[in-house]
Amino acid sequence: MSQVIALANQKGGVGKTTTAINLAASLAVMEKSVLIVDCDPQANASSGLSVIPASSRDTVYQLLFQPEDKNRVIHDSSLECLKVIPSCQDLVASELELVEKIGREYYLREALRDISKNFDYVFLDCPPSLGLLTVNSLCAADALLIPLQCEYYALEGIAHLLQTFKLVQKRLNPSLRLNGVVLTMYDRRNRLSGQIEREAKNHFSNKVFQSVIPRNVRLSEAPSHGLPAVCYDYRSKGSQAYLELARELIG
Ligand code: ADP
Ligand code: MG
């Protein structure tokens, strides 16, 4: 059975894309078959894995609106078990294009229906908003995974995200569940990180993953080499943290 997991948080820069790439790559290293769908017009997950589509016809945009030729949008990555459906600038327009459509919340779900079953895990890397692309991701997903950056105001906006999650669950996708909260850019020397961790555990209790992702320069360098951290520097603290998170996810 495949598991489709949406990585969402309407805040930018909290580690959605870094988590999508590195959690997916860690599972691929463990020989799970994994797909990343880049749902953000900024296409950071695509470029971070050196998947540069020749045109929008090779991207998630095509998949949403003309899903006839599904195979051409699925690209290889540097890891055998990890495939990528990249994004492109044109995806910006899709929020507007979708507004007009009937069943606009279900376009991604429909498009992925036949594809997902070929993978153990599918990760949907959401844009930093709660617009239709994120709602499409939540409708296509079995689970929501929230990256929470260990910074001031980490929990600000979380209420809004949870409200969206509950609304989608109630009205659009009853089988959606909260898979968990992962603390990112954690710094053990910094009291703030511990404080955010306690607040998150108060708020989400056992939904907070035991594995935390440290602030680690290798994680921020890897995308400029077009590689997941496990390929760029396997032994780094960042890589090891994501491998640990992957083990926890598998359970
Ligand atoms: P989002 O997708 O939520 O906008 P990103 O994953 O793109 O966030 O992360 C934002 C920035 O922070 C990127 O430059 C990324 O390389 C960096 N970053 C993310 N996680 C870490 C980490 N654990 N340690 C160091 N840098 C990180
Ligand atoms: Mg991102």
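Keep in mind that the numbers below use all heavy atoms, side chains included, and drop hydrogens, waters and symmetry copies. Computed from a predicted structure; not experimentally measured. Note that ligands are numbered from 1 as they come in the structure, with each ligand's atoms numbered from 1 the same way.
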Close-contact set for ligand 1 against [X] heavy atoms, below 4.0 Å:
| X | result |
| --- | --- |
| Leu219 | 22 (C), 23 (N) |
| Val14 | 1 (P), 3 (O), 8 (O) |
| Pro214 | 22 (C), 23 (N), 24 (N) |
| Gly12 | 4 (O) |
| Ser220 | 16 (O), 26 (N) |

Closest candidate by heavy atom, reference atom 10 (C) of ligand 1, pool Cys126, Ala20, Gly13
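Of the listed residues, Gly13 has the closest heavy atom.
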Nearest candidate to atom 15 (C) of ligand 1, where distance is taken over non-hydrogen atoms, out of Asn216, Thr18, Val212, Leu183:
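Minimum heavy-atom distance to atom 15 (C) of ligand 1 goes to Thr18.
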Distance only, no hydrogens: is a donor on one side chain within 3.5 Å (strictly under) of an acceptor on the other, for Asn44 and Thr17?
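No donor-acceptor contact under 3.5 Å links the two side chains.
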Exercise: do Tyr242 and Thr19 side chains pair donor with acceptor under 3.5 Å
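There is such a pair between these side chains.
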So which heavy atom in the protein is nearest atom 12 (O) of ligand 1, and how far is it from that ligand atom?
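The closest one turns out to be Met185 CE, 4.0 Å.
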Hey, does the side chain of Ser46 reach the backbone of Pro86 with a donor-acceptor pair shorter than 3.5 angstrom?
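Not at all, since once roles are kept as given, no pair shorter than 3.5 Å links the two residues.
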Sidechain-backbone polar pair: Asn136 side chain, Arg104 backbone, donor-acceptor under 3.5 Å
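Present.
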Counting heavy atoms not belonging to Lys166, are there more than 12 under 6.0 Å from its NZ?
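12 or below, so no.
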N/O/S atom of Gln42 inside 2.8 Å of the Mg ion (ligand 2), strictly under:
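Coordinating: no.
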Quick one: closest heavy-atom pair of [X] and [Y], and the distance?
| X | Y | answer |
| --- | --- | --- |
| Ala229 | Asn22 | N-OD1, 2.8 Å |
| Asp40 | Pro128 | OD2-CD, 3.7 Å |
| Ala141 | Leu124 | CB-CD1, 4.3 Å |

To the nearest 0.5 Å, tell me how far Lys237 NZ sits from Tyr186 OH.
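With rounding to 0.5 Å, NZ (Lys237) is 14.5 Å from OH (Tyr186).
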Quick one: pull up CG in Leu23 and CG in Asp125 and give me the separation to the nearest 0.5 Å.
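Here the rounded value is 11.5 Å.
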Please report whether atom 3 (O) of ligand 1 has a protein non-hydrogen atom at a separation of less than 4.0 Å.
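Yes, because at least one protein heavy atom sits under 4.0 Å from atom 3 (O) of ligand 1.
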Below 4.0 angstrom, counting only protein heavy atoms, does anything approach atom 22 (C) of ligand 1?
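So far as the 4.0 Å threshold goes, atom 22 (C) of ligand 1 is in reach of a protein heavy atom.
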Do any nitrogen or oxygen atoms of [X] come within less than 3.5 Å of a nitrogen or oxygen of ligand 1?
| X | value |
| --- | --- |
| Asn44 | no |
| Thr17 | yes |
| Lys11 | no |
| Val217 | no |

If we only consider heavy atoms of Gly15, is any one of them less than 4.0 Å away from an atom in ligand 1?
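Under 4.0 Å: yes for Gly15.
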Proximity flag Ile213 to ligand 1, non-hydrogen atoms under 4.0 Å
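Distance cut 4.0 Å: Ile213 passes for ligand 1.
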Cluster check Val182, Leu148: I/L/V/M/F/W/Y, side chain < 4.5 angstrom
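No, separate clusters.
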